[in-house]
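As the structure is a computational prediction, the values presented were derived from the model and not from experiment. In what follows, every chain begins at residue 1, and chains take the letters A, B, ... in the order their sequences are listed.
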Number of protein chains: 2
Amino acid sequence: MAFENYVEVLSRSELFRDFDRDEVASMLKCLEPKIKEYGKGNYLAVAGEEFQGIGIVLEGEAAAYKENIAGTRVIMVLLKPGDVFGEIVAFSSQSQWPVTVEAQQPCKALFISREKIVGECRHLCPWHRKLIENMLMMVSERALTLSRKVEYLSIKSIRGKISTYLLEQYKKTGKTTFMLPMNRNELADFLNVSRPSLSREMCSMRDEGIIDFHRASVRIKDLQALKRMAQ
Amino acid sequence: MAFENYVEVLSRSELFRDFDRDEVASMLKCLEPKIKEYGKGNYLAVAGEEFQGIGIVLEGEAAAYKENIAGTRVIMVLLKPGDVFGEIVAFSSQSQWPVTVEAQQPCKALFISREKIVGECRHLCPWHRKLIENMLMMVSERALTLSRKVEYLSIKSIRGKISTYLLEQYKKTGKTTFMLPMNRNELADFLNVSRPSLSREMCSMRDEGIIDFHRASVRIKDLQALKRMAQ
DNA sequence: GCGTGTCGGTATCTGGTGTTACAAAAAAGT
DNA sequence: ACTTTTTTGTAACACCAGATACCGACACGC
């Protein structure tokens with residue numbers, strides 16, 4: 001199969017971080033990936049079905065979503081060329097896909113079997129070690145993101161969530177005045193609260209003189225009070 | 001140092017899964033771990049400080065906890081001999097401990113540097129590959145657990161949480177009558193709700209004829225209704 | 001038997017949060 | 001400059017869930 005066309009995309013993928021295009025090309029011979037094509041609405045993976053390997057989107061766009069028992073879909077992540085999916089389940093004891101991945105547009109994806117990544121390579125490729133390092137990095141990074149999400153979700157009050165979030169921004173920028181990277185709707189979504197409730201609470205914090213804001217620009221006026229509100 | 005004394009404990013650790021005692025003993029020579037001793041109340045790791053390596057508890061007991069900005073401690077996990085900590089941060093881009101680990105009792109722990117696990121081994125040990133496989137498994141398993149936790153936390157209503165939980169138990173056992181693996185307090189904790197609220201909701205679901213229960217024994221009476229309640 | 005402790009169910013009360021709907025402001029398109 | 005769309009603030013209301021306190025059932029030790 002013509003892997004050559006996709007070396008460019010793959011070399012920009014997290015899985016092949018720190019590999020140049022030539023290296024990726026050589027590795028593909030070793031990893032023996034399978035390329036599959038999907039029409040819009042087709043499934044790249046179906047939750048509950050047998051897991052066959054780590055996927056990388058080459059062309060088009062796909063959406064990974066969970067379907068709860070009532071049948072409601074919750075989109076977990078939008079996958080674009082270079083994005084990897086199934087990296088977590090690949091090395092766990094679970095052998096079924098935890099999510100369904102559906103092509104949003106006509107789509108091509110490449111699958112690498114679990115064994116080919118960890119398993120011993122008969123060509124004794126020197127880059128195998130780095131590939132596994134990348135794999136470990138990706139899964140660890142993913143776990144850290146999830147753990148951060150759990151922290152936010154565990155906070156009961158909206159005030160606590162807002163305060164924690166603003167303090168994190170403060171720590172990140174080092175300044176008491178900064179721009180929020182998302183609008184109210186997205187922030188409400190991220191904090192798992194309703195948009196009007198978020199607005200209401202932010203405004204009452206402003207009325208109390210703890211913060212000040214206009215649109216995406218926020219200024220922390222009373223850092224101590226904010227710290228007290230964080231749970 | 002006298003690693004020999006701890007080969008037994010280590011061989012039961014997840015990191016050395018599928019290794020027998022002799023293999024573990026040989027590997028230790030290669031991994032060059034450092035053993036440290038701690039008195040009760042001492043810190044095995046401090047959140048925010050430089051991460052130095054993956055830890056394994058050898059003796060005693062330690063607690064890993066997060067400290068939020070207000071200073072409140074939230075215990076994440078209790079670590080006993082054989083338990084591993086720091087495995088997630090080890091291979092992410094983060095270089096500081098995300099949690100504080102404190103000795104609950106006089107404690108011994110072993111630390112293995114990140115490089116020694118992934119890095120190339122000059123003795124070319126054949127088991128290095130399996131060690132990395134175990135590492136990947138542990139991190140992946142951890143990520144899956146977190147993702148399951150996120151799912152539960154994302155459900156807004158108590159009813160939704162209970163229904164989802166019971167349906168998971170039903171799927172696991174395949175029977176409509178089963179035993180809950182925890183008491184009300186623990187279940188409330190797991191679902192991140194208060195114990196009386198959990199009781200109240202379970203009882204009203206019983207009154208509506210959806211489920212029936214006595215202590216830890218639960219019977220699903222109306223599966224369809226339960227599925228409808230799951231969000 | 002009796003006290004003691006644990007666990008689970010129940011009642012009351014209150015406060016925080018979602019829902020809905022609408023208005024004002026800003027941004028974007030024409 | 002005008003309309004249209006998006007974004008954000010505001011208000012009223014209902015209601016779910018937490019806090020607290022108390023009671024009954026049961027297990028255990030003496």
Student: From the options C/dT19, D/dG9, C/dT10, select the nucleotide whose nearest atom is closest to the side chain of A/R200.
Tutor: C/dT19
Student: Does any N or O in the side chain of B/S140 come within less than 3.5 Å of the main-chain N or O of B/L136, such that one atom is a donor and the other an acceptor?
Tutor: yes
Student: Is the A/F178-A/Y170 ring centre distance short of 6.0 angstrom?
Tutor: no
Student: Ignoring the backbone of B/K156, work out which of C/dA11, D/dG9, C/dG18 is nearest its side chain.
Tutor: C/dG18
Student: Just how far, in rounded Å, is C1' of D/dC26 from CZ of B/R184?
Tutor: 15 Å
Student: Let me know the distance between CG of A/L153 and P of C/dT17, rounded to the nearest Å.
Tutor: 14 Å
Student: Of the options A/T177, A/L180, A/T176, which is the one that meets A/V218 in a side chain to side chain contact (heavy atoms under 4.5 Å, CB included)?
Tutor: A/L180
Student: With a 6.0 Å cut-off (strictly less than), is the heavy-atom count around NZ of A/K221, excluding the residue itself, greater than 12?
Tutor: yes
Student: So which nucleotide from C/dT17, D/dT8, D/dA11 ends up closest to the side chain of A/S199?
Tutor: D/dT8
Student: What's the CD-C1' distance between B/E201 and D/dA17, to the nearest Å?
Tutor: 9 Å
Student: If you assign A/R159 and B/C203 each to the DNA chain C nucleotide with the nearest heavy atom, which residue ends up on the more 5' nucleotide?
Tutor: B/C203
Student: B/L187 CG to C/dG9 P: how many Å, rounded?
Tutor: 11 Å
Student: With respect to the side chain of B/I158, which nucleotide from D/dA17, C/dT19, D/dT8 is positioned closest?
Tutor: D/dA17
Student: How many whole angstroms separate atom CG of B/L180 from atom P of C/dC7?
Tutor: 15 Å
Student: Please determine, for the side chain of B/N183, which listed nucleotide (C/dG9, D/dT10, C/dC7) has the closest atom?
Tutor: C/dC7
Student: Starting at atom CG of B/N185, determine the distance to atom P of C/dG5, rounded to an integer number of angstrom.
Tutor: 17 Å
Student: Given the structure, check if the side chain of A/R215 and the base of D/dG9 hold any donor-acceptor pair shorter than 3.5 Å.
Tutor: no
Student: Measuring to OP1 and OP2 of C/dG18, would you say a side-chain N or O of A/S194 lies under 4.0 angstrom away?
Tutor: yes
Student: Figure out the CZ/C1' separation between B/R195 and D/dA21, and round it to whole Å.
Tutor: 11 Å
Student: By nearest atom, which of the nucleotides D/dA21, C/dG18, C/dA26 is closest to the A/H214 side chain?
Tutor: C/dA26
Student: Round to the nearest Å and state the distance from A/M205 atom CE to D/dG9 atom C1'.
Tutor: 16 Å
Student: Determine the interplanar angle of the B/F111 and B/W97 rings, folded into 0 to 90°, and report it as parallel if under 30°, tilted if 30 to 60°, perpendicular if over 60°.
Tutor: perpendicular
